[in-house]
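Chain A is the first sequence line, chain B the second, and so forth, proteins listed ahead of strands; every chain is numbered from 1. What's counted below: heavy atoms across the whole structure, side chains too, no hydrogens, waters or symmetry copies. Since the structure is predicted, the reported quantities are computational estimates derived from the model, not experimental observations.
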There are 2 protein chains.
Amino acid sequence: MTVTSARAPRRRDALSRQRIVEAAIELLDADGESGLTVRALTSRLSTGRGAIYHHVAGVDDLLAAAADDVIRAATERTADGTDPTTAIRDLSLAIFDALDAHPWVGTQLAREPLQPAVLRIWKSIAVQLQGLGIDGSARSDAGAALASYIFGSAAQFAAGARRSSDEAKRQNYLDALASAWTERDDDQVVRDAASHLRDHDDRKQFMAGIDIFLKGIT
Amino acid sequence: MTVTSARAPRRRDALSRQRIVEAAIELLDADGESGLTVRALTSRLSTGRGAIYHHVAGVDDLLAAAADDVIRAATERTADGTDPTTAIRDLSLAIFDALDAHPWVGTQLAREPLQPAVLRIWKSIAVQLQGLGIDGSARSDAGAALASYIFGSAAQFAAGARRSSDEAKRQNYLDALASAWTERDDDQVVRDAASHLRDHDDRKQFMAGIDIFLKGIT
DNA sequence: CTCGCGTTGGACCGATGGTCCAATCTGACG
DNA sequence: CGTCAGATTGGACCATCGGTCCAACGCGAG
């Protein structure tokens, strides 16, 4: 038997799925994936756990919804009217920047193909490929390839961005990565790759990949 | 105060990092990522938690080591002597098959660029690109692109393979995915993609992507 | 005014990863 | 052959997590 004395008064500003998703994004941006816990949410929204589960299926659902929010914002920015190739490059850049600002999205995208954020990216790409006159299974192959490339890059860059709040830390991270690699395998090829790692630019490299792809489908 | 009565006798067959990694792979293959818990390991190896932490830094370390084990086996199979293009295709296929057999590796690869398995893949690609006469930053761009594509595909296909122990389940999954997509966004482009989803072949699609990249590189 | 039902708060449960330390064994050395 | 220090092992312990459950609450329809 539990004696509940003086229960806290009911909140006046109604909870909603959207409010919860926004709070989740703030938590994720602040502390990364591990920062999103139902407990942290209850504290930030000053409510109880039941209230949250009433609006949201669980943590996985919430992560997917948060990622979708970010990706929606990124893909909506794309201007139409431009030619498909530039549109694809713009779209890719917009996604890259969104992932750079919210590193946890990268990891999340690579985890579950059923989620809305993935569909959103898929569709934006497919529309442009259609504009390029690519159809049938060629379109689905090209779309899948481009999407996979974006997801893979996302996950890799995310790990870097997570650690690079400022430029000095970023350099430290790249140096550590480079020496970890050469230390583990001191091959000429590895040393070569490591040396390029030190002064490489994620954004440029990402776009170089997009261009390779675009060249491959035309 | 703890009264320890009749402690279990010490094991005769020594524990080792390798033995633990092997047990971890078995657990992962059987129950997926969530199946790998320190407790499950202690039970399977009939030991205590301390013994495991003595050989292994933690669950993350173990996951990375397990993935490296699988990737090592896959990349070692690659025959040399063939021309770089076929070598890249062979290598990609070997990795794909390994991921198909151990779906959890796909998710793991997309999570952390410092891990040995990633370096291994990177290096195998870089060696072949060198053979193609690609050097300098072009090589690092191409290598990064190809590796990212592989990681992204890995994660996406992994989610499918996880659910497709047999062909019927696999079809169910694809159907569910297709209708989830069209239900959420009934656009012509989406319907089109969904229809190709139903009878698509992961392996073929993956190789189609590799070929697009190869074409873009040369 | 009242009363049903959509909300809400929080106690509770089982499980996890990691730490810690005492008990145990092994092999080197006297 | 004895002994003892260091490597190895077992498991109690802790904080924390996701998810379930239910009693209390109050808004709005009647």
A/L63 CG to D/dG19 P, straight-line distance once rounded to whole Å: 11 Å
For A/R203, salt bridge (charged side-chain N to carboxylate O under 4.0 Å, His left out) partners two or more places apart: A/D97
Residues which pass ring-ring contact (aromatic ring centres under 6.0 Å, His included) with B/Y149, listed by chain and number, not counting sequence neighbours: B/F206, B/F213
Interatomic distance where CZ belongs to B/R17 and P belongs to D/dT8 [whole Å]: 14 Å
Rounded distance (Å) that lies between atom P of C/dA15 and atom CG of B/D31: 15 Å
Nearest-Å distance for atom pair CG/P, residues B/L27 and C/dT16: 12 Å
Listed partners of B/D185 passing salt bridge (charged side-chain N to carboxylate O under 4.0 Å, His left out), at least two apart: A/K123
For B/D186, salt bridge (charged side-chain N to carboxylate O under 4.0 Å, His left out) partners two or more places apart: B/R191
Could you list the donor-acceptor pairs under 3.5 angstrom formed by side chains in residues 61-71 of chain A, with sequence neighbours left out?
from: A/D61; atom 1: OD1; to: A/R17; atom 2: NH2; distance (Å): 3.3
from: A/D61; atom 1: OD2; to: A/R17; atom 2: NH1; distance (Å): 3.1
from: A/D61; atom 1: OD2; to: A/A57; atom 2: N; distance (Å): 3.0
from: A/D68; atom 1: OD1; to: A/R120; atom 2: NE; distance (Å): 2.7
from: A/D68; atom 1: OD1; to: A/R120; atom 2: NH2; distance (Å): 3.3
from: A/D68; atom 1: OD2; to: A/R120; atom 2: NH2; distance (Å): 3.0
from: A/D69; atom 1: OD1; to: A/R72; atom 2: NH2; distance (Å): 2.7

B/D31: partners by salt bridge (charged side-chain N to carboxylate O under 4.0 Å, His left out), with sequence neighbours left out: none
Identified side-chain contact (heavy atoms from CB on, under 4.5 Å) counterpart of B/W104 within the set B/L28, B/L27, B/L109, B/L99: B/L28
Spacing between A/H55 atom NE2 and C/dT8 atom C1', to the nearest angstrom: 8 Å
Sequence neighbours excluded, every pair satisfying salt bridge (Lys or Arg N to Asp or Glu O under 4.0 Å) that has a member inside residues 36-59 of chain A: A/E26-A/R44
Short side-chain N/O contact to C/dT7 OP1/OP2 from A/H54, under 4.0 Å: yes
Could you run down the sub-3.5 Å N/O contacts of the protein with nucleotides 17-21 of chain C?
from: C/dG17; atom 1: OP2; to: B/V38; atom 2: N; distance (Å): 3.0
from: C/dG17; atom 1: N7; to: B/R39; atom 2: NH1; distance (Å): 2.7
from: C/dG17; atom 1: N7; to: B/R49; atom 2: NH2; distance (Å): 3.1
from: C/dG17; atom 1: O6; to: B/R39; atom 2: NH2; distance (Å): 3.0
from: C/dG18; atom 1: OP2; to: B/Y53; atom 2: OH; distance (Å): 3.1
from: C/dG18; atom 1: OP2; to: B/V59; atom 2: N; distance (Å): 3.1
from: C/dG18; atom 1: N7; to: B/R49; atom 2: NH2; distance (Å): 2.4
from: C/dG18; atom 1: O6; to: B/R49; atom 2: NE; distance (Å): 2.8
from: C/dG18; atom 1: O6; to: B/R49; atom 2: NH2; distance (Å): 2.5

Using atom names, set out every protein N or O paired with an N or O of nucleotides 4-6 of chain D below 3.5 Å, distance rounded to 0.1 Å.
none

